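Data block below; observations after.
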Amino acid sequence: GLTPLLRRRMVGRMSRARLPPPELARLFVGLLPEEEVRDALLRHVRAWHWPVTAVPTRRGRLHLTLHFLGVLPREAIAGLVQRLAVPFEPCELRLERPAVWRGEHAVICPQAVPAALMALHARLQRALAGAVAVPSRWQPHVTLARHARDARPPTGPVCIRWPVEGYVLVESDLRPPPSYRVVAAYP
């Protein structure tokens, strides 16, 4: 295996290779959990059986993506902020289905997506039409860890209740350590 120093150097090189130039921003529209929900998600993460390769999502990066916008010119952000102000109805999201996707990502998904959240996703898609290409297919989830091949979720039922009271436009900064910056919050 790699020594910790070599691993950090490789991760640093990989991160720098993906960094957009300063005039561009990597953006998404999503939900950021409040502290109680983050605590519940992290308790759930601790109950999994992880392979040594797994890289758990850091507390400050736990989120649910509504639309990934990609890397865009910073000059487009002001227009996006206005476009994204759509009608919103609060709801409760219940995360109940842990899974490992494509043998790589450990996630937790809702058993059923609240109608208000589906409506918000559709409104945002319409608002972004013509400005940003966004896929129509959406599978709401929170990524708990990456490189999670052979991870096993806890046995028994799980239900993490997430009161959804707004959504955010976020810039994802990939410089080590990666972080999120809220550009705009709605409503």
Side-chain angles (χ1 to χ4, degrees), residues 26-70 84 86-128 132-172 174 178-183 185-187:
R26 188 172 189 268
L27 302 166
F28 71 88
V29 182
L31 308 177
L32 296 179
E34 296 295 331
E35 291 303 315
E36 310 81 51
V37 176
R38 281 188 185 145
D39 290 344
L41 286 165
L42 291 173
R43 279 192 302 276
H44 177 68
V45 165
R46 286 191 294 273
W48 281 63
H49 297 280
W50 298 108
V52 295
T53 57
V55 180
T57 302
R58 283 191 216 121
R59 179 184 188 84
R61 290 181 55 91
L62 291 167
H63 70 281
L64 186 145
T65 301
L66 293 165
H67 288 285
F68 178 69
L69 307 182
L84 292 171
V86 299
F88 169 76
E89 179 184 333
C91 61
E92 181 180 79
L93 181 63
R94 293 179 182 192
L95 300 169
E96 301 171 299
R97 283 185 325 132
V100 177
W101 285 355
R102 298 174 209 99
E104 283 294 313
H105 296 87
V107 300
I108 188 163
C109 309
Q111 190 71 33
V113 182
L117 198 55
M118 292 296 291
L120 174 62
H121 182 264
R123 283 187 203 104
L124 290 168
Q125 181 144 4
R126 286 191 299 274
L128 291 165
V132 178
V134 291
S136 58
R137 188 170 174 271
W138 176 55
Q139 189 156 9
H141 66 279
V142 175
T143 300
L144 304 173
R146 298 186 188 285
H147 310 294
R149 184 179 314 275
D150 299 324
R152 292 189 325 271
T155 57
V158 60
C159 182
I160 298 172
R161 295 173 184 255
W162 183 342
V164 178
E165 297 174 3
Y167 58 101
V168 291
L169 173 62
V170 175
E171 179 178 358
S172 178
L174 298 176
S179 63
Y180 291 152
R181 181 179 69 84
V182 174
V183 176
Y186 307 89

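As the structure is a computational prediction, the values presented were derived from the model and not from experiment.
Inter-residue side-chain proximity for Leu120 and Val164 is flagged as unmet; no heavy-atom pair is nearer than 4.5 Å. Between Val183 and Val168, the closest side-chain pair of non-hydrogen atoms is not below 4.5 Å. Using a 4.5 Å heavy-atom cutoff, the side chains of Glu34 and Pro163 are not in contact.
In terms of modelled atom types and a separation under 3.5 Å, the side chain of Thr53 and the main chain of His147 share a donor-acceptor contact. Within the 3.5 Å criterion, the main-chain N or O of Pro178 finds a donor-acceptor partner in the side chain of Arg58.
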Donor-acceptor pairs are to be reported for all side-chain atoms of residues 60-68 against protein atoms at under 3.5 Å, with residues two or more places apart or in another chain.
unit_1: His63; atom_1: ND1; unit_2: Arg61; atom_2: O; d: 2.8
unit_1: His63; atom_1: ND1; unit_2: Tyr180; atom_2: OH; d: 3.3
unit_1: His63; atom_1: NE2; unit_2: Thr65; atom_2: OG1; d: 3.0
unit_1: His67; atom_1: NE2; unit_2: His121; atom_2: O; d: 3.1
unit_1: His67; atom_1: NE2; unit_2: His121; atom_2: NE2; d: 3.4

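Within the model, atoms CG of Leu41 and CD1 of Ile160 stand 4.5 Å from one another, a figure rounded to the nearest 0.5 Å. Atoms CG and SG, from Leu95 and Cys109 in turn, are 8.0 Å apart once rounded to the nearest 0.5 Å. The distance from atom NE2 of His44 to atom CD1 of Ile108, rounded to the nearest 0.5 Å, is 4.0 Å.
Annotation: side-chain contact (heavy atoms from CB on, under 4.5 Å) contacts of Pro56 (sequence neighbours excluded): none. Not counting sequence neighbours, the partners of Arg181 by the salt bridge (Lys or Arg N to Asp or Glu O under 4.0 Å) test are Glu171. Residues meeting the salt bridge (Lys or Arg N to Asp or Glu O under 4.0 Å) test with Glu89, sequence neighbours left out: none. For Pro90, the side-chain contact (heavy atoms from CB on, under 4.5 Å) test picks out Phe88, with sequence neighbours left out. For Val113, the side-chain contact (heavy atoms from CB on, under 4.5 Å) test picks out Pro110, Leu117, Met118, Trp138, Pro140, with sequence neighbours left out. With sequence neighbours excluded, no residue forms a salt bridge (Lys or Arg N to Asp or Glu O under 4.0 Å) with Arg43. In this structure Asp39 satisfies the salt bridge (Lys or Arg N to Asp or Glu O under 4.0 Å) test together with Arg59, sequence neighbours excluded. Every side-chain contact (heavy atoms from CB on, under 4.5 Å) that Arg146 has, sequence neighbours left out, goes to His105, Thr143. Arg152 is linked by a side chain to side chain donor-acceptor pair (under 3.5 Å) to nothing, counting only residues two or more places apart in sequence or in another chain.
Minimum heavy-atom separation, Val100 to Ala148: CG1-O, 3.9 Å. The two atoms that bring Leu84 and Tyr167 nearest to each other are O-OH, 2.5 Å, heavy atoms only. Closest of all the heavy-atom pairs between Pro153 and Pro98 is CB-CB, 3.7 Å. For Trp162 against Val142, the heavy-atom pair with the smallest separation is CZ3-CG2, 3.7 Å. Scanning all heavy atoms of the two residues, the minimum distance from Pro114 to Leu93 falls at CD-CD1, 3.7 Å.
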Next on the checklist: Assess the residue pair Leu69 and Val29 against the criterion (side-chain contact (heavy atoms from CB on, under 4.5 Å)); give the C-alpha distance rounded to whole Å, side-chain angles, the decisive distance to 0.1 Å, and a yes or no.
Outcome noted: CA-CA 7 Å; Leu69 307 182; Val29 182; 4.0 Å; yes

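Ring planes of Trp48 and Trp50: parallel class, angle under 30° (limits at 30 and 60°).
For residues 154-167, the salt bridge (Lys or Arg N to Asp or Glu O under 4.0 Å) pairs, not counting sequence neighbours, are Glu92-Arg161. Sorted by first and then second residue, the salt bridge (Lys or Arg N to Asp or Glu O under 4.0 Å) pairs involving residues 106-123 (not counting sequence neighbours) form an empty list.
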